[in-house]
Number of protein chains: 2
Amino acid sequence: MNNELEQYIKLHFGVIDANELKTISSLFELITIKKGDYFIKHGKRADKLSFVKDGLLRIFAQTGKQEITQWISSKGYFVADISGFVFDNPSRWNIQALVDTQIYTISKDKYNSIGDFIPKWNKVEKLFIVRCFTIMEDRIFSHLSMTAQERYILFFENNKELFNHVPLQYIASMLGMTPETFSRIRKKTLL
Amino acid sequence: MNNELEQYIKLHFGVIDANELKTISSLFELITIKKGDYFIKHGKRADKLSFVKDGLLRIFAQTGKQEITQWISSKGYFVADISGFVFDNPSRWNIQALVDTQIYTISKDKYNSIGDFIPKWNKVEKLFIVRCFTIMEDRIFSHLSMTAQERYILFFENNKELFNHVPLQYIASMLGMTPETFSRIRKKTLL
DNA sequence: TTAATCTCTTGACATTAATCAAGCAATTAA
DNA sequence: TTAATTGCTTGATTAATGTCAAGAGATTAA
């Protein structure tokens, strides 16, 4: 169906046969989420998994009166409320489009069928999740061992492109600091 | 081989047939790690996975001159350098016994053979890792949205027993604060 | 176009947490 | 038993970060 999606799948899930890739990608559907609209709402069913073809999605939660941004997904990233997708729990997160965003999306049922015709899939999938897990480990470690400025620099080095396209307050939140602190660090860091 | 281990596996990996459980648990070996000794050392091969039968293991890393405790595993917990176990990377962590500790341990090769005689294993395993992943999500969220005191209270409520057996400085580190801050919070929190 | 809204920045100030230094138990080693 | 060592606490101080308030510039809506 779509070569671009096949690339993303290959990127995240590793080497799979070209025909298989084609079959998998054909299970996805291309949809558009308008700026401000939600892919997934907190507390609702979240049985979808997606890859961002173009645009930006913000994953966040509400605590009291403030919103905490957990992550921002851009082109090529995969997006889901994993707990909802795997366990049918109500979504832990809100996932909202920051700009008009195109995503390749797949339902849980279709996704689970992949294992039926690609035996290897379960293993491949596990490797993918383990990689996600180690990213989370690193992220926690950054909060245990680094200052706000150090987290800023590390994130900036690896995600320069985001800074031009995303409201900085959201990046501040996902790095665990206020917009004011973020702004001051930015000023003194001069990158 | 061992009913206790079977309980742990069941606890972490969900419902599996009793015979299968028996088979799986027979692949594990019971070993003892003396206080201060290492289960896994940073940078070394880490192709083992274990369950703590009794005792305490501290997972930590060195940054400059300070040690950052990532986690403390007590009775019933599973322990591994996941990235090393799955991808054969050098270990990201040191894992050291805080007291004489008994663990049920399995090599990567034996572990991987489980899937051969229990077809369901790959799926079960995935669910386990996803659960670990959501725990990490929560932990990150706690650093984005909570103060040191709030993290302290949350952790204390869920891990009271640890406080009597583990040097508090390690708990402080794994909650992302200094021992001094931890001590002061403890004093004013009076739990 | 004008008004309203967002977003970022800045300043003044308050709070939180880290650092440094000392001391006191408790534990371990000699 | 005495002497180290370790782990925890406390005080004084400094540094980092948060809060509140205001303003400037850009964007959006009327």
Side-chain angles (χ1 to χ4, degrees), chain A residues 34-37 55-56 58 60 63-69 72 96-100 140-156 159-160 162-191, chain B residues 34-37 55-56 58 60 63-69 72 96-100 140-156 159-160 162-191:
Chain A
K34 284 248 160 66
K35 174 175 179 175
D37 285 353
L56 293 164
R58 176 171 74 108
F60 71 99
T63 67
K65 58 188 69 175
Q66 70 173 332
E67 289 177 354
I68 305 289
T69 297
I72 293 164
Q96 185 186 32
L98 292 177
V99 297
D100 289 359
I140 288 171
F141 196 76
S142 79
H143 284 279
L144 303 185
S145 65
M146 296 165 81
T147 63
Q149 184 172 22
E150 288 168 329
R151 292 199 301 279
Y152 170 87
I153 291 170
L154 180 63
F155 186 80
F156 180 78
N159 302 274
K160 288 198 174 64
L162 264 197
F163 284 66
N164 304 318
H165 302 300
V166 175
L168 300 180
Q169 53 179 314
Y170 299 144
I171 300 179
S173 175
M174 92 187 243
L175 292 177
M177 63 189 85
T178 60
E180 293 93 335
T181 296
F182 186 89
S183 174
R184 291 184 177 109
I185 285 174
R186 223 156 89 87
K187 187 178 182 184
K188 84 175 160 194
T189 303
L190 300 171
L191 289 178
Chain B
K34 284 248 162 64
K35 174 174 178 175
D37 285 353
L56 293 163
R58 178 172 72 109
F60 70 99
T63 65
K65 60 187 68 173
Q66 69 173 334
E67 290 178 355
I68 306 290
T69 297
I72 294 166
Q96 186 186 30
L98 292 178
V99 296
D100 288 1
I140 289 171
F141 196 77
S142 79
H143 284 280
L144 303 186
S145 65
M146 295 163 84
T147 63
Q149 183 172 21
E150 289 168 329
R151 291 199 302 279
Y152 170 87
I153 292 171
L154 180 64
F155 186 81
F156 180 78
N159 302 275
K160 287 198 174 65
L162 265 196
F163 285 65
N164 303 318
H165 303 298
V166 175
L168 299 180
Q169 54 180 311
Y170 299 144
I171 299 180
S173 175
M174 91 187 243
L175 293 177
M177 64 188 85
T178 61
E180 292 93 334
T181 296
F182 186 89
S183 173
R184 290 183 179 110
I185 286 174
R186 221 156 92 87
K187 186 178 181 186
K188 85 175 158 192
T189 304
L190 302 172
L191 288 178

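Excluded from the calculations below are hydrogen atoms, water molecules and symmetry mates; all remaining heavy atoms, backbone and side chain alike, are included. Just so we're on the same page: letters track the sequence lines, and every chain starts at 1.
Whole-Å rounding puts the B/Met177 CE to D/dT17 P distance at 15 Å. As a whole-Å value, the separation of B/Phe163 CZ from D/dT9 C1' is 16 Å. Distance, B/Asn164 CG to C/dA26 C1': 16 Å, rounded to whole Å. Atom CD1 in A/Ile153 sits about 15 Å away from atom C1' in D/dA16, given to the nearest Å. Computed from coordinates, the A/His143 NE2 to D/dT17 P distance equals 12 Å when rounded to whole Å. We find that CG of B/Leu98 is positioned 16 Å from C1' of C/dT27, with the value rounded to whole Å. One can place CZ of B/Phe182 at 8 Å from P of D/dT9, the figure rounded to the nearest angstrom. Going from atom CD of A/Glu150 over to atom P of D/dT17 covers 9 Å, rounded to whole Å.
The two atoms that bring A/Thr178 and A/Ala172 nearest to each other are O-CB, 3.9 Å, heavy atoms only. Of all heavy-atom pairs spanning A/Leu144 and B/Ser173, the tightest one is CD2-O, 3.7 Å. Closest of all the heavy-atom pairs between A/Val99 and A/Leu56 is CG2-N, 3.7 Å. Scanning all heavy atoms of the two residues, the minimum distance from B/Gln96 to B/Phe60 falls at OE1-CE2, 3.7 Å.
Of the candidates D/dG11, C/dT10, D/dT9, D/dG11 carries the atom nearest the B/Arg184 side chain, counting heavy atoms from C-beta on. Side chain of A/Glu180, nearest nucleotide from D/dA21, D/dG18, D/dT9: D/dA21. Here the side chain of A/Lys187 is nearest to one of D/dG18, D/dT10, C/dT10, namely C/dT10. Checked against D/dG18, D/dC8, C/dA17, the side chain of B/Ala148 finds its nearest nucleotide in C/dA17.
The backbone N or O of B/Thr63 sits nowhere less than 3.5 Å from a side-chain atom of B/Gln66 that would complete a donor-acceptor pair. The backbone N or O of B/Ile185 sits less than 3.5 Å from a side-chain atom of B/Thr189, completing a donor-acceptor pair. Within the 3.5 Å criterion, the main-chain N or O of A/Lys35 finds a donor-acceptor partner in the side chain of A/Asp100.
Contact between the side-chain N/O atoms of B/Thr181 and the OP1/OP2 oxygens of C/dA17 is not found at any separation under 4.0 Å. At the phosphate of C/dC8, neither OP1 nor OP2 sits under 4.0 Å from any side-chain N or O atom of A/Arg186. The shortest distance between the side-chain N/O atoms of A/Thr178 and the OP1/OP2 oxygens of D/dT17 is not below 4.0 Å.
Ring pair A/Phe163/A/Tyr152 is perpendicular by interplanar angle, where above 60° counts as perpendicular and below 30° as parallel.
Comparing the helix axis at one end of the helix from C/dT1-D/dA30 to C/dA30-D/dT1 with that at the other, each defined from 5 consecutive pairs, gives an inter-axis angle of 40° (nearest 10°).
Interatomic distance, A/Met174 CE to A/Gln169 CD, rounded to the nearest 0.5 Å: 14.0 Å.
Proximity of residues 165-175 of chain B to DNA chain D (heavy atom under 4.0 angstrom from any strand atom) is restricted to B/Pro167, B/Leu168, B/Gln169.
In this view, A/Arg184 satisfies the side-chain hydrogen bond (donor to acceptor under 3.5 Å, both in side chains) rule with no residue, not counting sequence neighbours.
Comparing B/Lys35 and B/Ile185, the nucleotide of DNA chain C nearest to each residue sits closer to the 5' end for B/Ile185.
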